[in-house]
Amino acid sequence: MKDLVRVIAVSLVDHPEEVVVTEKETEHSIILELHVAPDDMGKVIGKQGRIARAMRTVVKAAASKEEKKVIVDIAQ
């Protein structure tokens, strides 16, 4: 999942070298934190959050095989 979020984010931003994805695993969920350059926040979120919502949908579909909930968090 971590690689999937990274590939999507790198294709969207102007500064791909600053894209960092960290993974935290709990008992019932996996939290993926996406960190991008401040200038690229708007590109990752999109108008009215459409890009972020689409990214979360793709990750949720890819994680359907696992029995854990996957959360994508876009952090500064």
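Because the structure is predicted, anything quoted here is derived from the model rather than measured.
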Open item on the list: Distance check, rounded to the nearest 0.5 Å: Ile8 atom CD1 versus Arg56 atom CZ?
Closed with: 12.0 Å

- [ ] Any chance you could measure Leu34, atom CG, to Lys2, atom NZ, to the nearest 0.5 Å?
- [x] 12.0 Å

[Y] backbone acceptor or donor facing [X] side chain under 3.5 Å:
X	Y	answer
Asp73	Leu32	no
Arg6	Val19	yes
Asp40	His15	yes
Ser29	Thr26	no

TODO: Answer yes or no: are there more than 12 heavy-atom neighbours, outside Glu17 itself, under 6.0 Å from its atom CD?
DONE: yes

TODO: Please say whether more than 12 non-hydrogen atoms of neighbouring residues, nucleotides or ligands are located less than 6.0 Å from CD in Gln48.
DONE: no

TODO: Among Glu66, Lys24, Lys69, find the residue that satisfies the side-chain contact (heavy atoms from CB on, under 4.5 Å) test when tested with Ile30.
DONE: Glu66

Open item on the list: Consider side-chain contact (heavy atoms from CB on, under 4.5 Å). Of Met41, His35, Glu33, which one does Ile74 pass it with?
Closed with: Met41

Task: Within-4.5 Å side-chain heavy-atom neighbours: Met55 and Val5 - done: yes

Task: Contact check, side chains of Ile31 and Glu25, non-hydrogen atoms, under 4.5 Å - done: no

Task: NZ/NE/NH1/NH2 to OD/OE distance under 4.0 Å, Lys68 and Glu27 - done: no

Path from [X] to [Y] over hydrophobic side-chain contacts below 4.5 Å:
X	Y	value
Val44	Ile51	yes
Met1	Val72	yes
Val58	Val10	yes
Leu12	Leu4	yes

